[in-house]
2 protein chains.
Amino acid sequence: MAIEEFLEDNLNHPTADEIYNAVKTKLPRITKATVYKNLKVLLSEGLIKEVNVKGVTRFEAKIDPHHHIICKNCAKIIDFASQELTDYALQMIRNQKDFKIQSTETIFYGICKNCES
Amino acid sequence: MAIEEFLEDNLNHPTADEIYNAVKTKLPRITKATVYKNLKVLLSEGLIKEVNVKGVTRFEAKIDPHHHIICKNCAKIIDFASQELTDYALQMIRNQKDFKIQSTETIFYGICKNCES
DNA sequence: GTACGTGCAAATGATTTGCGTTAAG
DNA sequence: CTTAACGCAAATCATTTGCACGTAC
């Protein structure tokens with residue numbers, strides 16, 4: 001189980017399948033079911049977070065709140081930390097009465113260096 | 001096909017399944033495959049947008065750029081229009097060099113009135 | 001022995017694909 | 001006739017579930 005955490009720190013925003021393949025090199029007998037079960041546990045413990053892009057679910061080790069930049073072409077994700085932006089967004093929404101807001105995250109869509117040829 | 005668009009305007013952020021059920025009352029012989037095919041066409045034409053929450057894909061008629069407030073409990077989504085927030089976010093990211101940013105969207109997570117009992 | 005995490009295989013659910021049919025120009 | 005959209009059934013893909021087993025306390 002600690003194996004998952006280890007992996008989370010290394011790769012950037014892998015899918016469940018990518019995690020499975022990576023862990024398999026260390027634990028050849030592991031199955032996807034086990035990976036999913038552990039991801040679920042880690043999620044419920046708040047140790048990791050899931051991000052959804054174009055219907056693809058990816059996971060990341062949860063550090064502090066941050067934002068994401070996503071390539072519209074290859075779906076690559078990079079983090080963008082900015083407490084300032086978080087604060088500003090929360091400021092904007094402060095008098096929303098139908099929801100009790102708990103957190104916020106901004107997503108930027110664009111094309112990464114690799115994909116603009 | 002125009003039927004889909006019609007629906008998009010009415011319901012708020014329905015899933016493919018909800019769209020299917022709604023359209024079926026008008027066109028009883030329609031199938032999910034047709035709904036998916038049309039959703040794909042509308043997406044590629046830029047007439048609708050998809051939003052992903054907790055692995056659930058929802059669709060909305062594309063109007064102008066806006067943000068979303070999502071209930072962590074029931075996954076209900078409501079829109080939050082704020083050009084000001086959009087502008088601020090783009091301002092924050094302006095000297096990002098690895099990505100050519102095209103758009104941005106902020107998501108707020110919270111609990112809706114209905115779900116806080 | 002009791003409980004928990006595992007591997008495995010089967011089940012589920014969403015989305016996609018292939019294909020024969022149909023309606024419109 | 002030709003094309004594009006459709007309905008249908010089967011296929012695919014991600015994720016989940018049930019269950020029997022082995023290890024640790």
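Letters A, B, ... mirror the listed sequences (proteins, then strands); counts begin at 1.
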> Roughly how far apart are A:I111 CD1 and B:D98 CG, rounded to 0.5 Å?
Replying inline: 13.5 Å
>> Between the side chains of A:E116 and B:K100, is the shortest nitrogen-to-carboxylate-oxygen separation below 4.0 Å, so that they form an ion pair?
In response: yes
> What is the distance from atom CG of B:L85 to atom OH of A:Y88, rounded to the nearest 0.5 Å?
Replying inline: 7.0 Å
> Which residues in residues 18-32 of chain A have at least one heavy atom lying under 4.0 Å from any atom of DNA chain C?
Replying inline: A:R29, A:I30, A:T31
> Can you check whether A:T57 has a side-chain N or O nearer than 4.0 Å to OP1 or OP2 of D:dT15?
Replying inline: yes
> Can you tell me how far CG of B:L42 sits from NZ of B:K37, rounded to the nearest 0.5 angstrom?
Replying inline: 14.5 Å
>> Categorize B:A33 for me: base, sugar-phosphate, or nothing, with a 4.0 angstrom heavy-atom threshold over every strand shown.
In response: base
>> How long is the straight-line distance from CD of A:Q96 back to CD1 of B:I78, given to the nearest 0.5 Å?
In response: 4.5 Å
>> Working note: B:I48 + B:E60, criterion side-chain contact (heavy atoms from CB on, under 4.5 Å); need CA distance, chi angles, decisive distance, verdict.
In response: CA-CA 6 Å; B:I48 62 175; B:E60 64 179 354; over 6 Å; no
> For DNA chain C, which residues in residues 34-51 of chain B have a heavy atom at a distance below 4.0 Å?
Replying inline: B:Y36, B:K37, B:K40
>> For a quick check under 3.5 Å, do A:H68 and A:T106 share a side-chain donor-acceptor pair by atom type?
In response: no
>> Ring centroids only, cut at 6.0 angstrom: are B:F99 and A:F108 within range, meaning strictly under it?
In response: no
